[in-house]
Peer 1: 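Structure provided below as structure tokens; questions to follow.
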Amino acid sequence: MFFSYFILTCISVDPSKYLDCRRTPFCNRNRFLTNNIWVAHSDLVETKEDAFSIVISNTNQEIKLIMHISFLLQGSIHVKFSNYSEEVGPKRFDSSKENTIVNQTICNNYNKYSFVKNQSHVVLNSQSSNINKICIQLDPFVLYIYENDKIKLSFNEDESMVFESQIKEQQDNDDDDSHQTVAGTFIFYDNQIRFSGLPSHTLSMNLPDTTHREMIRFYNTDINRFEVDSGMAMYGSIPYIVGHSGMSSSSIFWCNPSETYVDIGLEKTKKVRFISETNFVDFFVFFGNHSSVIEQFSSLTGLISMQQMFLFGYHQCRWTYYSSKEIRSVSKRLDKNHIPHDVMWLDLDHTDDKRYFTFNHNYTDILQLTSEMVANKRRLVAQVDPHLQANTKYRVYKEALDRKFLILEPHSKEIFYGNCWPGRSAWVDFFNPNARLWWSNQFKYSFYVGSSKSLFVWNDMNEPAVFDRKDFSLPKASLHFRDYQDRTIHNLYGHFMVMSTYNGVLKRNDDQNERPFVLTRSYFAGSQKYALMWTGDNTANWAQLKASLIMSLSLSISAFPLSGSDVGGFFDSPDQDLLSRWYQLGAFSYTFFRCHCHHLSDYREPYTLKGEYFDRAKNAITERYTLLPLWYSVMYESHISGHPIIRPIWYEFGSNCDDIDDQVMIGDTLMATPIVTKEQSLAKERPIILPSGSRWFDFRTLLQISNGKKTQKLIVKDETSVPCFIRGGKCLIKKDTLRQSSEAMFNDPFTLIVALDSNQQSEGKLYIDDGHSFNYSKGDYIYCIFKYEKGVLSNTNLNKPIKNTFLEDYKVEVQLIKVIGLNAHPKKIINQSTGKEISFTFSDDILSISNAGLYIKDDWRLVFSF
Ligand code: NOJ
């Protein structure tokens, strides 16, 4: 009740309820610090295979640190400062040693290096990496980092590094300042650089200069009614920033899960300053082109787990569908209106009195409901939160209590109780490995009665949200496993929760052969291995619609490629125009495309829209389904490489496109330009930019719009369909038969669009497997490459293990091929393996081949003669 009332009365975020740098002593005292001189001691060095270490001290030698520098085999460098001797005071958490954040195999494999020193410098050289040189200036201490002999980045050039080591007793209340702060400033040497990343915030794609505004804050919190263009803390934290310039990137991962603030300076120097409440100065630096830095960062923090195909379908949610009857009726109405959908969602109120792992009396037939969904080739997802109703009659709470798996108060070491949905609640201590194991076991079908193989999990409120507290979260002094205070590990709570949920959903099936699906609101770098995220409680307005695209793009380039926002905005009720545009944006840019809203908002399922508004939503959703082969293939590539699924335009085309923040690439193939403002929507058109360097073809008419010689600025119409463009030089593979869900399309034939570049070449890949199991890891999948070059269109399977049962059984054809952008009209096309001529038509510069009897699983070559 308390919270509903709160939501009703508040119409924008109340900043007084959340902290900022000014009101946070550790940040305030260190933000503009200067002249904090450190000296490096070249007589106190140690060279080991794994790291070069050197002693650093502040001028009066009060604090002595060791700086370790490692050149990692993967190409990045790891720099860490730790105390010279045993530390006292609250414990620091060694985050780069936590395997679920930083992959220890990657972090412990090194490139060789050598070093030389003179009176003023120590220089490290590593020939095998593009970060080939690091120069340590001794007095005052500064670190200069080079790429191929060119200086790219410095650390502590502004003499503001902080490593507080005040010897103090354990702090035990929120306001106490532990005087364990760490901070440091990086200066980028490329003056053209723009900064992006640092998710999740609602800032612009090119992050703003924060010198004269609030710092960007990382402190996972239940942010209520977040606003656009704000650096206020949100639900999740990835302290990773990308400096990009042309096609090159320099990025930094500040590996620290305690409360962290970031300042960006763009004026005279391009600089980034991180300040964290505690732990270590511990960071990784990556240099390269855009895709190589994300490959390095993803291999360090982890690749997304393979997702089920249904992730990419349409998800229908609301807080709450109050009964299984209502779920059935919504799904039926979607079917009646020919709206494909894959998943129906069960929010908070499906539970028995907000006790997770239970279903209330309106869902007594949950197993029957799930089997009906499965019969229609669909799934269900239900919510499971980390707070437990403090009532010993609730089995899950009682067990956690008995086993001491709950978070504690600092002084008394009694259980910490706070307020959340069920009223008085306690919080599972996911930092405890035994608690994680116990939590995973709760997903066993025998415990979670009513759940089944096709019911998946949504972890909400896992910052964790505590209603009656400052910052809406746990007290900073509350204690986790091994007496770690919340302040040291705060931003990891959701991370450890989703990791245990993922393991539980995996283990609940004896054969462990179904890919888990877990949605989370909170996360840290590394959580992408276990869950996808959504951007939380947004609001139904145009600014939030536009911001949602930037938020997803920013996550995407920060190794968190699976995300989406509530279509329509969680709070309030969008009008038909805004809602229809949100369906369009979601369908063409969110990897996770779900309509969801607050319980006080009007119903907003696609069928609530009328006339052209309905047409917009329906077209967008059905076109999303035609593009599932593209989404799924790019997801697979992201799973093996870390490459983003959706991409900012600069990621593909470099600096001319730095300012484009309302257009998006799906993979490297398709550009979508959805309407993002009310004015555009009223005019039913918007300006777009087609970058030079690629030809561009209209996605629907297949006509060439730009020859790619120079950047084109156009106004394009969007009455009921999102303007989209196929990139010349890429093959787009899709499916054109409309069905009720993604699984229902499994055996449908493909359409291949071969868009040629100016050299008359094109290439594209397709990945297919059974869409749900782990059989792909045994080789059961198809990964093929389509190519057009020198007048030959070919399909080659890249995955040819000795046994590939999937490939053998997959009898699906490419029913329609369209080749666009040909310079000449072919006379004849021969299928080289059969020697037979293939018939085709050629009109409006589009060559079409129908029903050529070409299977995806077979290698084939079609030879064009002119
Ligand atoms: C907060 C979540 O952000 C929202 O999506 C959900 O509907 C409510 N909790 C109720 O579970």
Side-chain angles (χ1 to χ4, degrees), residues 1-8 10 13 200 202 220-227 232-236 315-322 326-327 330 343-360 362-363 380-389 419-423 425 427 456-467 472-473 493-494 497-498 501 518-523 531-540 544 548 551 563-574 582 586 590 592-605:
M1 240 331 78
F2 164 80
F3 200 59
S4 307
Y5 172 75
F6 180 78
I7 288 169
L8 257 176
C10 101
V13 72
S200 187
T202 55
N220 294 355
T221 181
D222 179 10
I223 177 97
N224 204 304
R225 289 232 179 218
F226 62 79
E227 285 176 349
M232 281 180 79
M234 297 275 288
Y235 310 94
H315 296 244
Q316 184 64 58
C317 189
R318 176 182 173 82
W319 176 21
T320 290
Y321 294 127
Y322 283 96
E326 193 177 11
I327 293 269
V330 172
V343 186
M344 297 294 301
W345 286 65
L346 277 53
D347 199 338
L348 181 64
D349 300 301
H350 74 278
T351 57
D352 181 12
D353 199 18
K354 324 278 193 284
R355 295 172 177 184
Y356 305 104
F357 302 104
T358 67
F359 294 89
N360 66 29
N362 290 320
Y363 281 92
L380 288 173
V381 175
Q383 196 177 79
V384 177
D385 291 1
H387 49 264
L388 303 179
Q389 186 185 69
N419 196 3
C420 205
W421 299 130
S425 307
W427 276 261
F456 294 90
V457 182
W458 171 13
N459 287 160
D460 189 13
M461 315 296 281
N462 54 351
E463 298 71 31
V466 184
F467 291 161
F472 287 88
S473 198
Y493 189 85
M497 181 190 189
V498 292
T501 300
V518 180
L519 177 72
T520 185
R521 197 169 73 169
S522 190
Y523 51 89
L532 49 141
M533 62 76 74
W534 95 107
T535 61
D537 299 347
N538 56 352
T539 303
Q544 295 254 355
S548 74
M551 287 168 92
S563 70
S565 298
D566 290 348
V567 167
F570 178 75
F571 289 118
D572 304 341
S573 299
W582 216 314
Y590 299 167
F592 168 55
F593 174 37
R594 183 185 71 158
C595 167
H596 177 51
C597 62
H598 190 260
H599 59 84
L600 298 173
S601 305
D602 294 344
Y603 279 80
R604 61 169 66 161
E605 292 69 16

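Numbers for residues simply follow the sequence, beginning at 1. As the structure lists them, so they are numbered: ligands from 1, and atoms in each ligand from 1. Because only heavy atoms are used, hydrogens play no part in the values below, and waters and symmetry mates are left out as well, while side chains stay in.
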Peer 1: Students often mix this up, so state it plainly: with edges at 30° and 60°, are the rings of H350 and F359 parallel, tilted or perpendicular?
Peer 2: tilted
Peer 1: Examine the proximity of ligand 1 to W534 and report which part, side chain or backbone, both or neither, has a heavy atom under 4.0 Å away.
Peer 2: side chain
Peer 1: What protein heavy atom is closest to atom 3 (O) of ligand 1, reported as residue, atom name and distance in Å?
Peer 2: D537 OD1, 2.4 Å
Peer 1: If you measure every N or O of W421 against every N or O of ligand 1, does any of those distances drop under 3.5 Å?
Peer 2: no
Peer 1: Salt-bridged, R521 to D385, with N to O below 4.0 Å?
Peer 2: no
Peer 1: Any heavy atom of M461 closer to ligand 1 than 4.0 angstrom?
Peer 2: yes
Peer 1: If we only count heavy atoms from C-beta on, is the W427 to M497 side-chain gap below 4.5 Å?
Peer 2: no
Peer 1: Nearest to atom 9 (N) of ligand 1, what protein heavy atom do you find, and at what distance?
Peer 2: D460 OD2, 2.7 Å
Peer 1: Quick one: nearest non-hydrogen protein atom to atom 11 (O) of ligand 1, plus distance?
Peer 2: D347 OD1, 2.6 Å
Peer 1: Under a 4.0 angstrom heavy-atom cut-off, which atoms of ligand 1 come close to L348?
Peer 2: 11 (O)
Peer 1: Evaluate the side-chain proximity of L519 to W534: yes if any heavy-atom separation is below 4.5 Å, no if none is.
Peer 2: yes
Peer 1: Parallel, tilted or perpendicular: which fits the ring planes of W421 and F467, with parallel below 30° and perpendicular above 60°?
Peer 2: perpendicular
Peer 1: Side chains of W458 and C317, heavy atoms from C-beta outward: is any pair under 4.5 Å?
Peer 2: yes
Peer 1: So, is Q383 polar-close to ligand 1, with some N/O to N/O distance under 3.5 Å?
Peer 2: yes
Peer 1: Is it the case that the side chains of W345 and H315 hold a donor-acceptor pair, with the cut-off being a distance below 3.5 Å and no angle test?
Peer 2: yes
Peer 1: Do N224 and V13 come within less than 4.5 Å of each other through their side chains, counting heavy atoms only?
Peer 2: no
Peer 1: Going by the order shown, which atoms of ligand 1 are within less than 4.0 Å of some heavy atom of H596?
Peer 2: 4 (C), 5 (O), 6 (C), 7 (O)
Peer 1: So, is W319 polar-close to ligand 1, with some N/O to N/O distance under 3.5 Å?
Peer 2: no
Peer 1: Looking only at distances, please establish whether an N/O atom of ligand 1 is found under 3.5 Å from an N/O atom of R521.
Peer 2: yes
Peer 1: So is W458 in contact with ligand 1, going by heavy-atom distances below 4.0 Å?
Peer 2: yes
